[in-house]
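Here's the structure, in structure tokens; my notes come after.
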Amino acid sequence: MNNAEVEYLKKTIEKHIRIHFHQDVVEAYKNTQIIWMKTKEIESLRDIKPGTIIIPIQGKETPTCYKSWAVNFRETKLILWDRIKQLDSLWKIDNDKYPFWYSNNNGSYIPSWNISGLLFNLLVLKEEFDPSNRDNHGRFIGKMSPRDKHGLLEVPIFNNSVAALADLCIKIQNPERQSNIPFTKPINFSISHDLDQIRGDDFWTQLSRLGRLLSSFRKFQFKNIVQLKYIILNFIYPRKFFMDDLLKMIQTEASFGYKSTQYILCGKKGRYGARTDTKFIKRYIPEIADGWQLGIHYNHDTHLNEQAFLKQKKIIESFTKLAITSGRAHYLRLEPLKSFNFWSKMGIRYDESLGYSDRVGYRAGIAGCFHPFDVINQKELSILSLPLVAMDTCICDSFGEDAITEIEKHVKHLNIVGGTFTLLFHPGRFDNPEYVDSIGLYQKLLELFKKNNAKCILPNEIDI
């Protein structure tokens with residue numbers, strides 16, 4: 001890592017602490033001497049001020065070691081990986097099997113895991129740099145990540161690392177009051193809905209139903225005969241299960257005191273494009289309650305295409321009468337070295353594309369917002385990324401009947417280490433008998449976050 005990259009990571013950590021931790025923690029972090037220095041220089045360092053934290057910077061890029069371990073932390077466990085080997089005999093480890101901190105005789109500390117390289121590489125999506133490692137939609141998906149086979153996609157390593165640093169700063173600054181100082185703020189919770197379609201009578205939806213029906217007939221099976229019912233039902237009542245369900249979702253949110261963001265998909269139509277005619281979108285969008293945020297769901301054909309992107313954005317702004325500043329890519333299509341720069345140039349200030357279509361987890365290793373770093377031009381970008389943690393389909397596919405229990409594990413952990421949980425739920429999954437596994441799930445999720453005192457936020461409400 002060079003100086004610009006180190007300064008970016010330091011700044012990102014400071015912002016994260018300011019958003020997710022109480023003021024006493026912010027002050028403790030600010031008052032603690034934290035030195036970032038190359039590993040080879042640490043061994044020659046002498047006369048270190050007591051209570052100093054040293055963050056090693058690898059002088060040469062080394063492969064990440066994914067062998068992980070857990071350490072007890074407050075009322076949870078922190079999963080860590082990419083261990084730093086002991087530097088010299090002056091630094092002693094607290095536990096060789098489950099290491100947390102190295103320390104020396106004058107009360108200075110070094111983390112046992114590679115905070116600098118590990119966190120920076122995840123934030124810039126380094127594991128995704130190879131453009132040949134993509135699926136049919138041009139996406140880097142969860143199963144492609146080396147963290148997936150090690151069971152680490154569901155570990156918010158950035159949050160774990162920052163919480164560990166913040167906790168140690170309190171110990172250094174206020175050892176007598178450490179257990180009494182308020183630590184993290186209640187978890188932030190951000191909800192969004194991708195309006196891929198707001199009617200069920202479009203050509204592609206009806207064609208898919210017909211295909212499933214005919215496929216059953218060819219196999220002399222009749223379990224999909226119900227598809228005929230949905231074809232007829234949405235022909236007569238095109239809004240059923242889609243726009244009508246979106247309004248039900250909004251009403252449900254309001255009953256909890258929550259709000260959400262609606263990402264509107266329009267423009268080029270097709271199997272992977274918009275499914276609802278723009279005339280219907282224009283007619284239905286005014287039904288969304290005031291105070292619920294509207295954004296752009298970047299159509300498939302707008303990927304790094306300035307003309308197509310601006311055309312779609314202009315259409316949405318023409319019937320919302322609003323400047324559209326937040327968005328998410330359709331199918332979560334994203335190129336790590338290009339997309340954030342492109343979206344920023346298009347006038348997007350808040351983006352929620354950074355997530356997985358096949359996994360619940362932390363694509364950039366963080367549960368919370370951050371400004372992406374342009375590694376080509378070596379600068380922090382103005383656009384704010386709010387990574388997606390969980391999508392309805394991934395929750396159902398990954399956890400099944402244990403969905404609420406598994407999501408609650410994430411919520412409880414983030415309530416201790418600090419963070420933001422982001423949820424994407426499609427209208428077609430709210431109360432649609434075609435997707436029985438997700439009926440009632442949204443209500444239960446909102447109840448879960450309310451029970452855990454989550455603070456619901458919209459992207460444009462984030463103070464960073």
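Checking H330 against H300 by side-chain atom types alone, no donor-acceptor pair falls below 3.5 Å.
Between K379 and D374, no side-chain nitrogen of the basic residue sits less than 4.0 Å from a carboxylate oxygen of the acidic one, so the salt-bridge criterion is not met. Under the 4.0 Å criterion applied to side-chain N and carboxylate O atoms, E14 and K11 are not assigned as salt-bridge partners. Under a 4.0 Å N-O distance rule, the pair E461/K259 does not qualify as a salt bridge. Between K314 and E317 there is no salt bridge, since no side-chain nitrogen of the basic residue lies less than 4.0 Å from a carboxylate oxygen of the acidic one. Between D167 and R74, at least one side-chain nitrogen of the basic residue sits less than 4.0 Å from a carboxylate oxygen of the acidic one, meeting the salt-bridge criterion. Salt bridge annotation for E75-K412: absent, with no cationic side-chain nitrogen under 4.0 angstrom from a carboxylate oxygen. Using a cutoff of 4.0 Å between basic side-chain nitrogens and carboxylate oxygens, E447 and K450 are not scored as salt-bridged.
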* Tell me, with the steps shown, if Y258 and F189 meet ring-ring contact (aromatic ring centres under 6.0 Å, His included). => CA-CA 9 Å; Y258 291 164; F189 177 39; 5.6 Å; yes
* To do: Could you go through the side-chain contact (heavy atoms from CB on, under 4.5 Å) check for L424 and R328 one step at a time?
  => CA-CA 11 Å; L424 163 59; R328 175 186 286 127; 3.6 Å; yes
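Side-chain atoms of D245 come within 3.5 Å of backbone atoms of D431 as a donor-acceptor pair (strictly under, hydrogens ignored). Side chain of S215 to main chain of R212: no donor-acceptor pair is present (N/O by atom type, distance under 3.5 Å, no hydrogens or angles). With hydrogens and angles disregarded, a donor-acceptor distance shorter than 3.5 Å links the side chain of D135 to the backbone of R139. Of the possible polar contacts, one joining the D351 side chain to the S353 backbone as a donor-acceptor pair under 3.5 Å is found.
Between Y298 and F309, the distance from one ring center to the other falls under 6.0 angstrom. The six-membered or imidazole ring of H193 lies near that of Y442, with a centre-to-centre distance under 6.0 Å.
Classified by interplanar angle (parallel below 30°, tilted 30° to 60°, perpendicular above 60°), the ring pair Y8/F373 is tilted. Ring pair H410/F399 is tilted by interplanar angle, where 30° to 60° counts as tilted.
Between L246 and F430 there is no side-chain heavy-atom pair separated by less than 4.5 Å.
The side-chain contact (heavy atoms from CB on, under 4.5 Å) check on D202 picks up Q197, W204, T205, R275, with sequence neighbours excluded.
Cation-pi contact between R209 and Y230: absent, since separation from the ring centre below 6.0 Å together with deviation from the ring axis within 45° is not met.
At most 12 non-hydrogen atoms from other residues, nucleotides or ligands lie less than 6.0 angstrom from NZ of K282.
Considering T325, L384, I296 in turn, I296 is the only one that fulfils the side chain to side chain contact (heavy atoms under 4.5 Å, CB included) rule with I348.
Between Y362 and E154 the shortest heavy-atom distance is CE1-O, 3.3 Å.
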